[in-house]
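First the structure, in the form of structure tokens, and then the observations on it.
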Amino acid sequence: MKLYEFESKEIVARYGIPVPRGRVVDKPEEALQVAKELGAAVLKAQVLVGGRGLAGGIKIVDKPEEALQVAKELLSASIRGERVERILVEEKVCIDRELYISLTVDRAARKLMYLVSEIGGVEIEELAKKYPEKIHKIYVDPNIGYVDYMAREALQALKLPWTLLQDLANIMKGMYKIMIDYDAELVEFNPLAFTCEGKLVALDAKIIIDDNSLYKHPELQKLYGREFSGFERKARELGVGSYVELDGDIGIICNGAGITMMTMDLVYYYGGKPANFLDLGGGVTRERIKKALTLMLSHPRAKVILINIFAGFTKLNEVAQGIVDAVKEVGMKKPLIIRFKGTFAEEGMRILKENGITEVYTELDDAVKMAVELARKM
Amino acid sequence: MKLYEFESKEIVARYGIPVPRGRVVDKPEEALQVAKELGAAVLKAQVLVGGRGLAGGIKIVDKPEEALQVAKELLSASIRGERVERILVEEKVCIDRELYISLTVDRAARKLMYLVSEIGGVEIEELAKKYPEKIHKIYVDPNIGYVDYMAREALQALKLPWTLLQDLANIMKGMYKIMIDYDAELVEFNPLAFTCEGKLVALDAKIIIDDNSLYKHPELQKLYGREFSGFERKARELGVGSYVELDGDIGIICNGAGITMMTMDLVYYYGGKPANFLDLGGGVTRERIKKALTLMLSHPRAKVILINIFAGFTKLNEVAQGIVDAVKEVGMKKPLIIRFKGTFAEEGMRILKENGITEVYTELDDAVKMAVELARKM
Amino acid sequence: MITMGILVNSSTKVLVQGITGRVGSFMTKMMIDYGTKIVAGTTPGKGGGYVHGVPVYNTIYEAVKEQGPIDASVVFVPASIADDAIYEAIDNGIKVIVAITEGIPLHSEIRFINYARTKGVVIVGPNTPGILTVNECNISIMPAFLFKRGSIGIVSRSGTLTFEVAAALAKHGYGVSTAIGIGGDLITGLDFIETYEMFLRDEHTEGIVLIGEIGGDAEERFANYYAKLEPKNKKPVIAILAGKTAPPGKRMGHAGAIISMGMGDYRSKRESLEKVGIPVAETPSQVPLLIERVLGK
Amino acid sequence: MITMGILVNSSTKVLVQGITGRVGSFMTKMMIDYGTKIVAGTTPGKGGGYVHGVPVYNTIYEAVKEQGPIDASVVFVPASIADDAIYEAIDNGIKVIVAITEGIPLHSEIRFINYARTKGVVIVGPNTPGILTVNECNISIMPAFLFKRGSIGIVSRSGTLTFEVAAALAKHGYGVSTAIGIGGDLITGLDFIETYEMFLRDEHTEGIVLIGEIGGDAEERFANYYAKLEPKNKKPVIAILAGKTAPPGKRMGHAGAIISMGMGDYRSKRESLEKVGIPVAETPSQVPLLIERVLGK
């Protein structure tokens, strides 16, 4: 789960890492007031999408009075499709150089890793493509954690004076603590400013929390799902599985992340477009498929529903009954194409057919082709 | 550095581990008062030597009034040579079984290790000799630390009911935290009582702190050296090296722990008895040897002083000058036997001889033999 | 019996951690029915009984004391205490640990996986369907009856897609030596390279199907590695990748299936693999055709 | 030049950590004069200069980048920050770390020694006089001029007593291949068994002197190990032990030299060694006589 910049900075500041003075606001008048307190100010749209700067989400006002108008504009804008509901108003910091530092997970090494670069303010993926030699990596063993020599290596890579060693060490130690205390996947300051006064300040801050650890952090768990769209939120509330909204017209219900993605891919492969990704996970029960299908039958964009269940541990007779339950309850509002394979497939198919559900396949390709064809016709 | 039982229990209680109610006192009247508050009470002499129970250092008073007399006796006693200056007065706990648990360092495995035994109240070394199969070892990786399964293993070894799992887990987790937070070498509860009420209580508690880590714990560092005898304390104040008091009559000054012990051993081997162990450590300076020799010249039991310096990094001309300095300042109160070998040995010997110090040897055996002979004659 | 496959076979003694739970107990029955040597199970505080004839112990220490050394364990305990179970297995000398559990906190995983590696312990998973050496040993929640015995090794980041591929192979007469799910999380105990090296050493495995998906760079790293192998160390590999049409920045079911910070998209993976001569199937039904092509039979 | 000895030899490239300090700088000169290949030194914030002609860097990362891979480092930094220096060395690929520093906190030592072992890194010490392969490489604070080149390996828990033994050997015409101090602390990177195994593999070493002392059970464990060796894996060993007359419960200079909890006394060590055919000298001057006896020359 991504945290907003202002949320990240609240945490970061609590760990003794310098951030610009400022406050988050959701009304233009408040923005004006904060700007007056600060003098020259920066107004930053609080959104979770990346590339905010290029999309006009960051504005500088040299005179506080300008803040009212600028805040009005920002608060009525959308950044890459995301509505701006809050802005962070901060003091304008005099910057000598913009640097990059993050603590992240290296999947290949199975370790944490600091990435530092003397070039900050650009997205790290761009930097990695253009100047890979400008990125210095420092691996962190999970069982040892941060060690002071890492700050010395980072200091050299950042080309900072040795007088800043203790400050940088505190920042890096703080990042590591945040990573562990908050079960984060990423703690990133981009840019980390080397200011005209010769100090280090986290100008931007980004924290991503590991979803699997949210149960340990009730205050964060409450926030989970806030960036979800309508159906993503509904699927979550129903507890039917992982749901991702897409822009096509073929509703998809499968069991297992890989097979769900593959089913999406096959829909595209045969010329269709999926409306969603819905992975029911392992051990699909009658109740779960019923809820999932009921949900998808109400999906405004999905013209047909493609259900692909390859059963190992799951019993397809139960799945069939859940499908029948849903259809009986809300009616077969749109065509259902079903593919069953595995445990009790034949019994499941029999149950479906007895209940008037006839588009039932054994082969995945056949089912997908039929779903695409039907959607095209409608 | 060993902590007293009452000090250990203060720490232990702070980590949520149950200990008997009670208070440490240094006057019989206070003991009486505490006993009155508690009813039946246990009075325990606070000493650092082991085997206190067998030596009569623990007394039970079933009527509080008896506490005055018992406390008087304890406070005027010595336990294995150590004066009793305080007693811990505690509630008498009804014990079902006495158990053993400790967290210690396994030198061979280079790990921490819990030792647990269903037999407590006897010294672990005795237990290890008589019933090694009754001791269960659980190794703790320093980079992982305490893990809950360890409590389950310990519970089984202690033959406790599963209802006590959480209590035991809290005790073991607490022991681990104490070990790390206090840089301890040992945290031991012997016995850990399984009470008549079915609870676990640390009846006795022993913590030993790693001397090398004392600098991190100023409140403990202050206490360091309190169990030292007069000369041990003086040597420490002078900063001349490691000093251990022995009961013979040949004063010993060397550089290096191994060679100092070996010199002691040789003194015995040739029929003498060393008065002390004094290891000056590496890089002996003129000042350090001067202080050390001055100290030993004032030693009441040492009849002769044997100095054995094998110089690598040390310069023997400087050492010789330090010896001469000491003799000039306080006089050659007792015979000096000196063995020099290594860096600038010849120059050192020349300096000594020029200053009237003539018992100077190249071979260790010769020097030791002479020291033993001289001591015997005096 | 001639043994075949990697990591587990007919002589592997298996312990079930969390054997008295609903899933643990059900899967124990399935594994026993397949012929897997389940010698013991654990559930703290419930020792002393039996589940499907398997003795239940309170601790692995006790299980090993009574049953002798145990080769592998399978973990069916909840995510919040899975790490504890895994440490218990590692510290009691178990060398292959199949962590079925989904949803284990990331930093726990990083810690126990690194610890396991320093001890020479293989963690299969977490968040894996498990491992199956056909007709020999099933430590998985896979529908083992779908797998025909044969000479194809399957290494996969996915569960159900593995079944799909196995079924497609069987339909064309291809059997499987071992099928292993390396897990769907951000961090896994095994990667494609390490698993390939095991298949390389297994003389019964003639070709390998790599089932990848978006997220991370395990497929790209495998391609780089494969390209540098000497011909004598090359067994034919074909791949299939899920998530060609997944949008960036969204977690697709698996914690590890996400295109983030410009890394982990389908195209990069596919190009890397094809560049080094590993054909990539577009659909599961193409897998046996590609296998036929690379094996030349 | 024919190389001899264990762990370090004439081709070992050495880094000095804490090179600008008083002791670091002095010992650097001594080691260079002996012929040791000191290629770099580090002191954070003091990079750019030279100490006795050796380039000084701020970080090992920088030193390796400019000088190429470094084989060994020697640590002369204060106890409170020695762990940091050692982690820096390990993480930068240095495989032999000689930790001269005395007084390092126990739990730091346990942690970095375990970490080093998982990385295949050898820690000599801590609290060691160092390691010396005679006429080839001196990474120590030992008076190397006392050591004659020859075929006796010395492994010791003590510093000065090692010099004493080396001098006694030299007097009788015996030279030394490598002399190594494993350290005087409670926990050390190497023990007698591991060091013996290295000497076993070194064809120039014909006999070994083990210098033990009270505290712990490293000598007893070595005796047990030695007793079980096949004859072809046995090189003659003789021992000398310090602390026969040390009182129990007192730390004798070294953190590790203490008889505690009924363990670590002289008698137990001596009896264990003698029982398995390892003669124990009573005085340093007896060492060459015992060596003569076991080598039969």
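We name chains A, B, ... by the order of the sequence lines, and we start the count at 1 in each one. As a basis for the values below, the full set of heavy atoms in this structure was taken, side chains included, without hydrogen atoms, waters or symmetry mates.
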- Can you name the nearest heavy-atom pair linking A/Leu220 to A/Met1, along with the distance? O-CE, 3.5 Å
- Message: Is A/Glu185 close to chain C through its backbone or its side chain, or both, or neither, when contacts mean heavy atoms under 4.5 Å?
- Response: both
- Item | Test side-chain contact (heavy atoms from CB on, under 4.5 Å) applied to C/Phe76 and C/Ile19, step by step | CA-CA 7 Å; C/Phe76 287 113; C/Ile19 194 169; over 6 Å; no
- Taking C/Thr188, C/Asp217, C/Thr162 one by one, which has the highest count of heavy-atom pairs under 4.5 Å against chain A? C/Thr188
- Task: Check for a donor-acceptor pair, side chain of C/Thr101 on one end and backbone N or O of C/Ala79 on the other, with a separation under 3.5 Å.
- Result: no
- Please report the closest heavy-atom contact between C/Ala255 and C/Asp185, naming both atoms and the distance. CB-OD1, 3.7 Å
- Results of side-chain contact (heavy atoms from CB on, under 4.5 Å) for A/Arg233 - residues two or more places apart only: A/Phe228, A/Glu237
- Task: For C/His52 and C/Ser25, indicate whether the former's side chain and the latter's backbone hold a donor-acceptor pair under 3.5 Å.
- Result: yes
- Item | Contact origin within C/Arg251 toward chain A - heavy atom pairs under 4.5 Å | both
- Interface residue of largest heavy-atom contact number with chain C, from A/Asn255, A/Ile309, A/Thr343, A/Ile124, under 4.5 Å: A/Asn255
- Flag side-chain contact, heavy atom, 4.5 Å: A/Arg110 against C/Asp191: yes
- Message: Quick one: does any side-chain atom of A/Thr260 pair with a main-chain N or O of A/Gly256 as donor and acceptor, under 3.5 Å?
- Response: yes
- How about residues 240-253 of chain A versus chain C: which residues have heavy atoms under 4.5 Å apart? A/Ser242, A/Val244, A/Leu246
- Query: Taking the side chain from A/Arg339 and the backbone from A/Thr362, do they hold a donor-acceptor pair closer than 3.5 Å?
  - Reply: yes
- Item | Engaged part of C/Ser80 at the chain A interface, taking heavy atoms whose separation is under 4.5 Å | both
- Message: Does C/Glu282 form a salt bridge (charged side-chain N to carboxylate O under 4.0 Å, His left out) with C/Lys244? I'd like the steps, not just the answer.
- Response: CA-CA 9 Å; C/Glu282 294 258 16; C/Lys244 181 178 186 176; 3.3 Å; yes
- A/Leu214 CG to A/Asp183 CG distance, which is reported to the nearest 0.5 Å: 8.5 Å
- Message: Is A/Phe310 close to chain C through its backbone or its side chain, or both, or neither, when contacts mean heavy atoms under 4.5 Å?
- Response: both
- Look at C/Ile214, C/Ile141, C/Ile211, C/Leu161 and state which one has the largest set of heavy-atom pairs under 4.5 Å with chain A. C/Leu161
- Message: As an exercise: rank A/Val49, A/Asp211, A/Asp210 by heavy-atom pairs under 4.5 Å with chain C and give me the winner.
- Response: A/Asp210
- Message: Can a donor-acceptor pair be found, under 3.5 Å and without considering hydrogens, that links the side chain of C/Tyr34 to the backbone of C/Asn135?
- Response: yes
- Message: Counting heavy-atom pairs closer than 4.5 Å to chain C, which one of A/Lys111, A/Lys341, A/Lys129, A/Glu126 comes out on top?
- Response: A/Lys111
- Task: Would you check if A/Tyr4 and A/Arg226 make a side-chain contact, meaning some heavy-atom pair closer than 4.5 Å?
- Result: yes
- Residue-level contacts of residues 164-172 of chain C with chain A, using a heavy-atom cutoff under 4.5 Å: C/Glu164, C/Ala167, C/Lys171
- Taking C/Gly212, C/Gly184, C/Ser158, C/Gly159 one by one, which has the highest count of heavy-atom pairs under 4.5 Å against chain A? C/Ser158
- Run the side-chain contact (heavy atoms from CB on, under 4.5 Å) check on C/Val122 and C/Glu194 step by step: do they pass? CA-CA 10 Å; C/Val122 171; C/Glu194 292 157 343; over 6 Å; no
- Message: Need one label for C/Glu220: side chain, backbone, both or neither, based on atoms under 4.5 Å from any heavy atom in chain A.
- Response: neither
- Message: Could you check whether any side-chain N or O of A/Gln221 sits under 3.5 Å from a backbone N or O of A/Lys216, counting only pairs where one atom can act as donor and the other as acceptor?
- Response: no
- Between A/Tyr114 and A/Tyr146, does a side-chain contact (heavy atoms from CB on, under 4.5 Å) hold up when you go through it step by step? CA-CA 10 Å; A/Tyr114 287 100; A/Tyr146 166 85; 3.5 Å; yes
- Item | Main-chain N/O of C/Gly243 paired with A/Asp265 side-chain donor or acceptor, under 3.5 Å | yes
- Query: Which bit of C/Leu241 is near chain A, if near means a heavy-atom gap under 4.5 Å: side chain, backbone, both or neither?
  - Reply: backbone
- Considering only heavy atoms, which portion of C/Leu186 lies under 4.5 Å from any heavy atom of chain A: side chain, backbone, both, or neither? both
- Query: Quick one: what part of A/Ala128 sits under 4.5 Å from any heavy atom of chain C, side chain, backbone, both or neither?
  - Reply: neither
- Item | Working for side-chain contact (heavy atoms from CB on, under 4.5 Å), residues C/Ser140 and C/Ile131 | CA-CA 5 Å; C/Ser140 83; C/Ile131 177 167; 5.8 Å; no
- Query: Relative to chain C, which of A/Leu364, A/Asn212, A/Asp365 shows the most heavy atom pairs under 4.5 Å?
  - Reply: A/Asn212
- Would you name the heavy atoms of C/Arg221 and C/Ile193 that are closest together and state the gap between them? O-CD1, 3.8 Å
- Under 4.5 Å heavy-atom distance to chain A, tell me which part of C/Lys250 shows up: side chain, backbone, both or neither. side chain
- Query: Do you know which of A/Ala108, A/Cys254, A/Pro142 has the most heavy-atom pairs with chain C at a distance under 4.5 angstrom?
  - Reply: A/Pro142
- Donor-acceptor pair, side chain of A/Glu82 and main chain of A/Ile79, under 3.5 angstrom: no
- Enumerate by number any residue of residues 103-116 of chain C whose heavy atoms lie under 4.5 Å from heavy atoms of chain A; in the absence of such residues, state 'none'. C/Gly103, C/Ile104, C/Pro105, C/Leu106, C/His107, C/Ile110, C/Arg111, C/Ile113, C/Asn114, C/Tyr115
- Distance col, row C/Met27:CE vs C/Asp33:CG, nearest 0.5 angstrom, shows 10.5 Å
